[in-house]
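Just so we're on the same page: letters track the sequence lines, and every chain starts at 1.
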Protein chains: 2
Amino acid sequence: MTPRQTVKTQVRLKDVAEMAATSTKTASRVINGDPRVADETRARILAAVRELGYRPDPTARSLRKGTDDTLGIVVDSIADPFFASVTGTIERLAIARGLRVMIASTGRDPRIESTVVNDLLARRVAGLIIAPTATDHSYLRHAPCPVLFVDRRPEGLDGETVLVDDNAGARQAVAHLAAQGHRRVGFVGGKMDVATTRNRLAGYRDQIAASALDADESLVRAARNTADEGRAATTELLALPEPPTAIFSSNTRCSLGVVAALHACKRTDVALVCFGDFALADVLAPGVTVIDHDPQAIGVLAAETMFERLAGAPAVDLERTLPLRLVMRGSGEQPPAGRT
Amino acid sequence: MTPRQTVKTQVRLKDVAEMAATSTKTASRVINGDPRVADETRARILAAVRELGYRPDPTARSLRKGTDDTLGIVVDSIADPFFASVTGTIERLAIARGLRVMIASTGRDPRIESTVVNDLLARRVAGLIIAPTATDHSYLRHAPCPVLFVDRRPEGLDGETVLVDDNAGARQAVAHLAAQGHRRVGFVGGKMDVATTRNRLAGYRDQIAASALDADESLVRAARNTADEGRAATTELLALPEPPTAIFSSNTRCSLGVVAALHACKRTDVALVCFGDFALADVLAPGVTVIDHDPQAIGVLAAETMFERLAGAPAVDLERTLPLRLVMRGSGEQPPAGRT
DNA sequence: CTGTTAGCGCTTTCAC
DNA sequence: GTGAAAGCGCTAACAG
């Protein structure tokens, strides 16, 4: 037998209306704050609502109105510290505005992205915030709700986007290392099918050229998606005939591996700048110099932008870029061949 | 050529039925995998489904069936690394079973917990996984769906719970420190209104007594919820007339602060055992000894338990406890007065 | 095997 | 100001 269904019959609007001796429509008006109801009637209805403990059914309301008070958020992985922070911030602000939040992870799989986005759309979400993974987002051109992209630009669509200037951040990192006298700077980063990686790698290459450093492709180790892979890449780089004297790590997952490798090999003399701050970066010896992009700030900006769209305000600029900040802690200020 | 999706004009089951020259009910049967439909009819309907790009409306279905294929997850904060990992794991497994996931954070506020749980319930979630914060969960006794608690036991209700043995973990940590010869062991941990903290503190006190160590309440610094507060608490402890020679940190947020403080004061000779592993714990010098409780394992167990309940299997035991593991990395193996 | 009829709980015409 | 009726898209009953 199936589990016993609770006899707790839900209080419906009809029950409220009956108790207040009025119609469901009038009760509905009161619930929805329609002013055109007699004060006396309104009082009766509110009393009934409180007495019965009535709570409107969001599903029925959603079906009838064709819209929901839920925000859809689609990110790579909720377990990724960066996205966890961004998502958590958005959720907090959304709740404060009386909005619910539905979160879905894609695992960076375009097909999963398409599935979850369509599902969210089918649920009539009020708005959609997406860290894009797919290569074509043109199907969102006529989406029935505001769509905002985060961290990466959509492809095949001029969608409003909140992001950091990956290219500039990478250039800044490499320029900083060049200023310490480094000529051979290694790159460790994620997969090339992620736009963020491509932009950071492009910035790295731009600045290598601009600073006239060694443009050696064997110093570039992309497609490292986990800390373990970042660690392995670092070990490889250090084993090169002409190893780099400095490393730029392009994302936090990699950074954790790079740091682990440098400490394991006792090669903390190798200069290091990481894209993205992380816990304990300031505690290590030496402290890890980072290009800081505050995930909470991204969350706040994304949430506020979405609230503007939900309120009907049109987008002014298609892109909102957040500033980056070089945080010097020691690892990035070491000179080449700094072994002691 | 991928078919263009017009999200605006929704394809309804009625359209599919008309195209297949049948009734909506028969079409509904096919959609829901009812075998009692003629193969030929089924083929016509499936063809229409594909041609029209029909996707069932989850809202309408939910309203009609009185249930949804969404799992509700309620945790302290999605930005907390521990809960991000647990939640991410559950989400991944849920998606794989065709379930959606709705996540809500409470910020450890009992009123917010009550609000979000009721909201999730109003949305007819298929099941609810809760890291409890409120002090009374008796209102969930007759919940219309399976409810599973994670990380902490509910109060006022014998609910099925997945957790780690906080008390035993704390005892193990203190016993380990006692074995190194420490007699004064400090405690840094979260707020006392969180059951996890209470259990770990109780375990700490139990073992202090069992090992006949100094039971000095001035060594106990609870109510530290952030890394900054953990850092401050550590500084306070070290400034005591009779400072501890070892510290037990009861949660990861605190641990990050404790570690930062020890490094900042150059007092890494103070022995340290932390409850909960964290990134770079093995990279620091000395490596941080931890009582490891794998958040992913908790997520897997929680998800599987929930799937069992959704399938109708009754709970065998009310509690499922995950094993803890002492990971020795150096910080917890240092002797007292180990300054060099 | 298939179709018709009623709703799920709510909000929206459009009357009064 | 208020209310009756008509659905939103779907599926549980119960016929046929």
Side-chain angles (χ1 to χ4, degrees), chain A residues 2 5-6 8-46 48-49 52-70 118-119 121-125 144, chain B residues 7-46 48-49 52-70 118-119 121-125 144:
Chain A
T2 50
Q5 195 82 339
T6 35
K8 189 182 74 174
T9 37
Q10 164 154 4
V11 254
R12 294 150 307 177
L13 187 58
K14 192 180 156 197
D15 303 320
V16 171
E18 276 173 8
M19 174 174 257
T22 176
S23 75
T24 60
K25 179 51 195 159
T26 304
S28 171
R29 285 203 182 92
V30 172
I31 304 291
N32 291 289
D34 189 323
R36 299 179 307 178
V37 176
D39 288 348
E40 196 191 336
T41 316
R42 183 196 317 281
R44 279 209 317 280
I45 292 170
L46 288 177
V49 164
L52 295 172
Y54 171 75
R55 294 187 40 94
D57 185 324
T59 308
R61 179 180 278 184
S62 177
L63 178 61
R64 188 63 185 101
K65 299 217 301 189
T67 176
D68 198 299
D69 59 354
T70 301
N118 279 320
D119 188 79
L121 249 23
R123 281 166 195 275
R124 304 169 162 77
V125 286
Chain B
V7 194
K8 201 72 177 179
T9 51
Q10 164 130 6
V11 192
R12 294 154 306 178
L13 187 57
K14 192 181 157 198
D15 303 320
V16 171
E18 277 173 7
M19 175 174 257
T22 177
S23 73
T24 59
K25 180 55 195 158
T26 304
S28 171
R29 285 203 181 93
V30 173
I31 303 292
N32 292 288
D34 188 323
R36 299 179 309 176
V37 176
D39 288 348
E40 197 191 334
T41 315
R42 182 196 318 281
R44 279 209 317 280
I45 291 170
L46 288 177
V49 164
L52 295 172
Y54 170 75
R55 307 214 359 122
D57 185 325
T59 308
R61 180 180 279 183
S62 176
L63 179 61
R64 187 61 184 91
K65 299 217 301 189
T67 178
D68 199 299
D69 60 353
T70 301
N118 278 320
D119 189 77
L121 249 23
R123 280 165 195 275
R124 305 169 160 76
V125 286

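In this structure, A:I31 places its CD1 atom 14 Å from P of C:dT12, rounding to the nearest Å. The separation between B:R44 atom CZ and C:dG3 atom P is 8 Å, rounded to whole Å. Atom pair B:L13:CG and D:dC8:C1' shows a separation of 14 Å (rounding to whole Å applied). As rounded to whole Å, 12 Å separates atom P of D:dC10 from atom CZ of B:R55. Protein atom NZ of B:K65 is 18 Å distant from nucleotide atom C1' of D:dC8, rounded to whole Å. Note: NZ (B:K14) to P (D:dC10) measures 11 Å, nearest angstrom. Atom CZ in B:R64 sits roughly 11 Å away from atom C1' in C:dT5 (whole-Å rounding). Rounded to an integer number of Å, the gap from CZ of A:R124 to P of D:dC8 is 11 Å.
Taking only side-chain atoms of B:R12, from C-beta outward, the nucleotide of C:dG9, D:dC10, D:dT11 with the closest atom is D:dC10.
Side-chain atoms of B:V16 and B:I45, non-hydrogen and from C-beta on, do get closer than 4.5 Å to each other. The shortest distance between side-chain heavy atoms of A:R61 and A:I31 falls below 4.5 Å.
What you find for B:K14 and B:T24 is that their closest heavy atoms are CA-CG2, 3.8 Å. Residues B:L63 and A:T59 share a closest heavy-atom pair of N-CG2, 3.7 Å. When all heavy atoms of B:R42 and B:P35 are compared, the closest pair comes out as NH2-O, 3.4 Å.
Note on A:S28: every side-chain N or O is 4.0 Å or more away from OP1 and OP2 of C:dC10. Distances shown here put a side-chain N or O of B:T22 below 4.0 Å from the OP1 or OP2 atom of C:dG3. Residue B:S23 has a polar side-chain atom (N or O) positioned under 4.0 Å from OP1 or OP2 of C:dG3.
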Verdict with reasoning, B:D119 to B:R123, per salt bridge (charged side-chain N to carboxylate O under 4.0 Å, His left out): CA-CA 6 Å; B:D119 189 77; B:R123 280 165 195 275; 3.1 Å; yes

Quick one: do B:D68 and B:V125 satisfy side-chain contact (heavy atoms from CB on, under 4.5 Å)? Show the steps, please. CA-CA 5 Å; B:D68 199 299; B:V125 286; 5.8 Å; no

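Between A:T24 and B:A21, the one whose closest nucleotide on DNA chain C sits nearer the 5' end is B:A21. With DNA chain C read from its 5' end, the first of the two nearest nucleotides for B:L63 and B:R42 is the one closest to B:R42.
If you check residues 33-41 of chain B against DNA chain C, the residues with a heavy atom closer than 4.0 Å are B:R36, B:V37, B:A38, B:T41, listed by number.
A:R124 has a carboxylate O that lies under 4.0 Å from a charged side-chain N of B:D57, or vice versa, which qualifies the two as a salt bridge.
Not a single donor-acceptor pair under 3.5 Å links the side chain of B:N32 to the backbone N or O of B:D34.
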Pairs under 3.5 Å (N/O, protein and nucleotides 14-16 of chain D):
none

